There are 2 protein chains.
Amino acid sequence: MTGQGLQAHSAPTASEALDLLERGIEADRLITVFGQCRVEYEGRAASSLEAGNRLTVLKPDGTILVHTDTGQQPVNWQPPGCTHESRLEGGQLVVESHRSNPDEQLLVTFERVDQVVVYDGSGESDVTVMGTEADLRDRILDRPELVEAGFEPRATERETSAGAVDIYGTDSDDNAVAVELKRRRVGPDAVSQLNRYVEALESDLHAGRTVRGILVAPSVTDRAHNLLERRGLEFVSLSPDPE
Amino acid sequence: MTGQGLQAHSAPTASEALDLLERGIEADRLITVFGQCRVEYEGRAASSLEAGNRLTVLKPDGTILVHTDTGQQPVNWQPPGCTHESRLEGGQLVVESHRSNPDEQLLVTFERVDQVVVYDGSGESDVTVMGTEADLRDRILDRPELVEAGFEPRATERETSAGAVDIYGTDSDDNAVAVELKRRRVGPDAVSQLNRYVEALESDLHAGRTVRGILVAPSVTDRAHNLLERRGLEFVSLSPDPE
DNA sequence: CACTCTATCTCGGCT
DNA sequence: AGCCGAGGTAGAGTG
């Protein structure tokens, strides 16, 4: 199985590396190349990266990642949907990843290849994440009184002219209530978002109807708190986890 | 050089893999592990991932990434600053990455290890990106008439009680002007942001002073356009690239 | 395809 | 350390 599932070659020549890459790309394998390389990107923006020892990852869905030994983010990349090509240029291995819409290309030129690994990374499995905004929503739908005594959810993702309100409902006086959910501490952006929904509802609903806006999140920053007050919006502290 | 810079082992036993990992972590190397693994994460959220063939990357700055053969983003990860540990559990290689603040841990359990590569990825070099928001700002500071004839920039990143305005200046009638820059097509969020700055300036400056808000971006969405009109804000179409 | 919003966002800068 | 905003954000969901 390993013989079919993985091929590795230490310190290959450029043409040996090219051979591995071409066959790996053809066979839809996950490919890693360790080596000293330069990187050029041009597309939505443009960037240039001088020679250094890096890890390049090619995925069968068209993703390419160039990682240094620091940082979680790749130093250069292309998203899924690109076409990988490899060739020799002046005796050096060159990997080119290209896509249209937008027109972009990433060029990785290896001055030295230290290792190539071609791997069969297939075998799907889904990751299930808990503690998301959806969990916070479900928690409130289960127990609306966590927002406020008398609160009654009427709809989730209710469409308005400004976008969809997370939870739309009524309070004990039958006022309309827009609830915006955030799974973590929020800044002014979330308050503006809620404000847009409240204004849209005031405009969409028949005139005179009172619309309250309630932000539900674990906590808010100072500026967000001030903005809430100025906008006449409310805040309820609640976390996605029952803790 | 390659002997020192890179060590690779195909289809190692769990204890051989553990040995490579421990020495690689100790030596601050970039480490990749190919193999069938399960992943458990618990921290800001929680997730669980069943067994599958994946690529795990350990960086000397404490980053850990678990990649499948699709997608640009890792399926599980931990940011820089974590502590990597490796051990055997029931004959299986286990990699644990942990940090405090917030308290999080990622557990990768290998049911089979296909390949371990330990690499010296050092040798820094900076990446220079062009076509960013800073380039758009510089373009306007060079030629303020691109925003409007008579526009005079007075400050960049001018602080207000709502945050920093990208470019603050005056128009030909000596009105205050707040310019918000976006390098790409924008939605309602950017309009709300600009509106917050304009309101803050109206409040901060002496009463009666007219404050105009101008959004500069390549284009806006429909909802953003409507919101601009409702808020009495303006839009100028401009791209970071002179093209 | 475009638009909107979430994210274990990450990252850098500043207070 | 927290707050704030940018990002070549990516990715999901919807019309």
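Computed from a prediction, not measured in an experiment: that's the story for all the values here. Residue numbering restarts at 1 for every chain, and letters A, B, ... go by the order of the sequence lines. Heavy atoms only: backbone and side chains are in, while hydrogens, waters and symmetry mates are out.
At the phosphate of C/dC5, OP1 or OP2 sits under 4.0 Å from a side-chain N or O atom of A/Arg196. Listed pair B/Arg183 / D/dT9 meets the phosphate criterion, a side-chain N or O lying under 4.0 Å from OP1 or OP2. For D/dG5, the OP1/OP2 oxygens have a side-chain nitrogen or oxygen of B/Tyr197 closer than 4.0 Å. Listed pair A/Ser47 / D/dG8 fails the phosphate criterion, with no side-chain N or O lying under 4.0 Å from OP1 or OP2. In terms of phosphate contacts, A/Thr221 brings a side-chain nitrogen or oxygen within less than 4.0 Å of OP1 or OP2 of D/dC4. The phosphate of C/dT6 (OP1 or OP2) has no side-chain N or O of A/Arg184 nearer than 4.0 angstrom.
In this structure, the side chain to side chain contact (heavy atoms under 4.5 Å, CB included) partners of A/Arg137, at least two apart in sequence or on a different chain, are A/Ala134, A/Leu141, A/Thr156, A/Ile167, A/Leu181. With sequence neighbours left out, B/Glu111 forms a side chain to side chain contact (heavy atoms under 4.5 Å, CB included) with B/Gln36, B/Arg38, B/Ala51, B/Gln92.
Comparing C/dT8 with C/dT4, their P atoms are spaced 23 Å from each other, to the whole Å. For D/dA6 and D/dA10, the C1' atoms lie 15 Å apart once the distance is rounded to whole Å. For C/dT6 and D/dG7, the C1' atoms lie 15 Å apart once the distance is rounded to whole Å. Rounded to the nearest Å, the gap between the P atom of C/dC11 and that of D/dG11 is 15 Å.
In this structure, the CD atom of A/Glu133 is 11 Å from the P atom of C/dT8, given to the nearest Å. To the nearest angstrom, C1' of D/dG7 lies 15 Å from CG of A/Asp189. As a whole-Å value, the separation of B/Leu215 CG from D/dG5 P is 15 Å. Atom-to-atom, CZ of B/Arg99 to C1' of C/dT10 comes out at 11 Å; the value is rounded to the nearest Å. The distance between atom CZ of A/Arg158 and atom P of C/dC5, rounded to the nearest whole Å, is 15 Å. For A/Arg185 and D/dC4, the CZ to P distance is 8 Å, given to the nearest whole Å. Between A/Arg223 atom CZ and C/dC14 atom P there is a gap of 14 Å when expressed in whole angstrom units. C/dT4 atom P lies 10 Å from atom CG of B/Asn226, rounded to whole Å.
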Taking only nitrogen or oxygen atoms into account, show me every contact under 3.5 Å that the protein makes with nucleotides 12-15 of chain D, one pair per line with its distance.
none

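For residues 53-86 of chain B, proximity to DNA chain C is found at B/Asn76, B/Trp77, B/Gln78, B/Pro80, defined as any non-hydrogen atom under 4.0 angstrom from a strand atom. Residues of residues 161-168 of chain B that place a heavy atom closer than 4.0 Å to DNA chain D, in numerical order, are B/Ala162, B/Gly163. For the segment residues 36-45 of chain B, residues with any heavy atom less than 4.0 angstrom from an atom of DNA chain C are, sorted by number, B/Tyr41, B/Arg44, B/Ala45.
A donor and an acceptor atom, one from each side chain of A/Tyr41 and A/Glu104, are located under 3.5 Å apart.
Side-chain atoms of B/Thr32 and A/Phe34, non-hydrogen and from C-beta on, do get closer than 4.5 Å to each other.
Of all non-hydrogen atoms in A/Gly24 and A/Ile31, the two that sit nearest each other are C-CD1, 3.6 Å.
Panel note: side chain B/Lys59, backbone A/Thr68; a donor-acceptor pair is recorded below 3.5 Å. No side-chain donor-acceptor contact under 3.5 Å links A/Arg184 to the backbone of A/Pro218.
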